Amino acid sequence: MERIRGRAASGGIAFGRLVFFQREEETVKKHRVVNPQIELERYEYAKKMALEEIDGLYNREIEHIGKDHADIFLIHKMLVEDEDFVEMIQDIILNESCNADYAVHLAANQMASLLGRIEDDYMRARTLDIKDVSRRLIRHIQNKSEQSMKFNKRTILCSMDIEPSETTRLDKSCVKAICTCYGTVNSHSSILSRSMNIPSVVSLGKALTEEYNGCEAVVDGYSGILYVEPDEETIRRMIKKREEEGRKHELLKRLRGRRNVTLDGIEIGVYANISGLMDMKYVEENDAGGIGLLRSEFLYLQNDDYPDEELQFYTYRRVLEKINGKRVIVRTLDLGVDKNPDFYDVGEQQNPAMGMRSIRICFERPDVFKTQLRALYRASVYGNLAILFPMIVDPDEIRKIKTITKEVCNELDSEGIPYSHSVEHGIMIETPASVMLSDELAREVDFFNVGTNDLEQYTLAVDRHDPRLEKYCRPDHIAILRMIKIAADSAHRYGKWIGVCGEIGGELSLTEAFLAMGIDMLSVSPTNILPLRRKIRSLDLSDKTAALKRHGVLRDIDIDEVDKNSSENRLKKHS
């Protein structure tokens, strides 16, 4: 038996036979053309045919998987029509006097390479969409038919990767699971496999080879493991796990609509982190208490220029309306480091993580900042909006934000545009400076939201982008937990609330520590919501001190006693 570990992309246990899907080889060679205008016409024809095809896919999938999931193909349509992408293809054809299919191939590779360097998983996962779209365009330029996706019963489909349009064409009665060498859990293919209830494991790497073609296998889509030629014990264990997970899923569904209260009566909000409108379906499915982090930079990274006020207003309004009055926390644009759109040049930076990023860009470009604030305030009348400002290290920065916000509100008043006067303002606690000054910062804002990813980086002196240092980047490090406790104490001292929206918010081993600290809200990826709620309802926090000591947040020795002894020792030394 071989055991290959990847990443769990869609839950479920599946038994079947491994079948390796070989995509038909895409032959694209560059050659000079006498008349580039003819190539432009070939490209325009392919573009027209691709858009018609995508429209058909969208209309078909609305019936099969619902509108929210079918919206994936609206994104594909946007990619085909993207001005930057179209202009790039046209320029390559004209400037290099080359064939249209090569121009599409080259432009798609350049766009995919750009997105692949972005740290945000959601944006990085869009590279597969670009490849899907470019393959569709090239197929029409070369006048080829679509490859068949028909498979025998009990197929566990294996591939280097699988594209969204390929996923939707799979017959669920035949394809029992999907396993890929590459891919991410945030790709549209993974989203579709979840909506189609097909177990899926991605990032299995080079261990998944064609030599296993035809082998019996079991896919554990919960743990992200592929068992090749499983033994009897593994088969029994997987059957039992499938039954247990089925019972667990039914139990979790019963939590919908219930309060997140511990056995001793402590209640905490459980919210969702999202990166765009596509994630709203999962927010609703998992009954999130609200949105604890909407990463607004997705609007900037998906466009070829700064998104205008109307586009932003429309997006924020849709999110607020969909969530039906629950709190929505929108983080203002958090560009910089690895999230640098082409239209914003930050210049050369030796250390981007400590350079021009986040709120600093907003201060450098107040016009861009005010456009976003105007859109947010205009949308605020459609729901319960809170605005979150990243990378704050000084109270003066908050006061500067308040001045800019007041200017925006005065403008809206003079234009007769309505907005809510009860919008909450909060800041990200993600640097040691914000922790050490949390006492002063708490006086200036309505809430804190702890961003543990950057807090780890700056506190532990670890470059999160260096894979060699991954073992040193520990979210459960005692220093990180104690910093969160300091920030929580500061917030509560001034009657403010505090949430945790970093990745460790979903670590069930730390849920007890967060509740004992007094954290008021945990914001996690939508799929982590129901397990987190179940964990909360199983805890007894009647002895918070003991819980904090278990996690190292408090020490066993009494701090006041240490201070007293230290003072007495100093007196003895100097007497």
Side-chain angles (χ1 to χ4, degrees), residues 51 54-55 58 67-68 70-88 111 114-115 118 120 122-123 125-126 129-130 133 188 273-281 283 291 293-323 328-336 339-345 358-359 361-362 364-390 404-405 407-409 411-412 415 417-420 423:
L51 289 171
I54 293 169
D55 281 338
Y58 172 69
K67 185 180 182 304
D68 286 321
D71 279 353
I72 286 168
F73 295 105
L74 292 183
I75 292 175
H76 281 208
K77 190 173 181 179
M78 287 168 60
L79 285 171
V80 173
E81 297 177 314
D82 181 80
E83 288 182 16
D84 272 354
F85 188 43
V86 171
E87 191 175 317
M88 201 184 302
M111 283 191 73
L114 177 68
L115 286 176
I118 296 173
D120 183 78
Y122 180 84
M123 294 308 301
R126 302 291 72 78
D129 295 295
I130 291 168
V133 162
H188 281 149
N273 294 336
I274 66 171
S275 296
L277 286 168
M278 287 298 303
D279 295 338
M280 286 302 296
K281 172 74 173 176
V283 173
I291 293 173
L293 178 65
L294 170 57
R295 304 177 182 95
S296 68
E297 55 271 15
F298 82 94
L299 283 166
Y300 297 77
L301 295 168
Q302 286 181 351
N303 286 281
D304 55 6
D305 201 352
Y306 291 102
D308 62 25
E309 185 179 322
E310 291 307 313
L311 172 62
Q312 294 193 61
F313 163 68
Y314 171 75
T315 304
Y316 304 140
R317 173 180 171 173
R318 276 194 69 187
V319 174
L320 285 162
E321 287 176 332
K322 275 178 167 285
I323 206 72
V328 174
I329 302 173
V330 179
R331 182 175 68 190
T332 56
L333 67 105
D334 189 16
L335 298 178
K339 294 177 283 189
N340 291 314
D342 288 341
F343 53 81
Y344 182 70
D345 182 15
S358 305
I359 199 67
I361 291 176
C362 294
E364 290 292 314
R365 290 292 307 271
D367 56 324
V368 173
F369 192 30
K370 289 176 84 170
T371 296
Q372 182 173 32
L373 289 173
R374 280 180 60 94
L376 284 165
Y377 268 91
R378 284 175 58 195
S380 66
V381 296
Y382 295 94
N384 182 6
L385 175 70
I387 304 176
L388 181 65
F389 301 99
I404 296 171
T405 302
E407 291 172 5
V408 166
C409 291
E411 287 175 9
L412 294 175
E415 296 167 28
I417 297 174
Y419 61 89
S420 170
V423 175

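Below, all heavy atoms of this structure are taken into account, side chains as well, without hydrogens, waters or symmetry copies. Everything numeric here is computed off the predicted structure, so don't read it as measured data.
- For the pair Cys362 and Leu333, the tightest heavy-atom approach, listed with the atom from each and the gap, is SG-CG, 3.9 Å.
- With contacts defined as side-chain heavy-atom distances shorter than 4.5 Å, the pair Leu51/Lys77 qualifies.
- The two residues Leu320 and Asn384 have their closest heavy-atom pair at CD2-N, 3.8 Å.
- Leu74 places a side-chain heavy atom less than 4.5 Å from the side chain of Tyr58.
- Distance CG/Leu294 to CD1/Ile323: 10.5 Å, rounded to 0.5 Å.
- Remark: Glu309 engages Arg374, Arg378 in a side-chain hydrogen bond (donor to acceptor under 3.5 Å, both in side chains) (not counting sequence neighbours).
- At least one side-chain heavy atom of Ile291 sits under 4.5 Å from a side-chain heavy atom of Met280.
- Minimum heavy-atom separation, Phe369 to Thr332: CE1-CG2, 4.1 Å.
- With values rounded to the nearest 0.5 angstrom, Ile329 atom CD1 is found 11.5 Å from Ile387 atom CD1.
- Once rounded to the nearest 0.5 Å, the distance linking CE of Met111 with CG of Leu79 reads 6.0 Å.
- Between Asp308 and Thr371, every side-chain heavy-atom pair lies at or beyond the 4.5 Å cut-off.
- Aromatic ring centres of Tyr419 and Tyr377 lie closer together than 6.0 Å.
- Remark: side-chain polar atoms of Ser420 are not paired, donor with acceptor, to backbone N or O of Ser380 under 3.5 angstrom.
- Minimum heavy-atom separation, Ser296 to Arg331: OG-O, 2.6 Å.
- Considering all non-hydrogen atoms of both residues, Ala379 and Arg317 come closest at CB-N, 3.8 Å.
- Atoms CG and NE2, from Asp82 and His76 in turn, are 13.0 Å apart once rounded to the nearest 0.5 Å.
- Side-chain contact check for Glu411 versus Ile417: every heavy-atom pair is 4.5 Å or farther apart.
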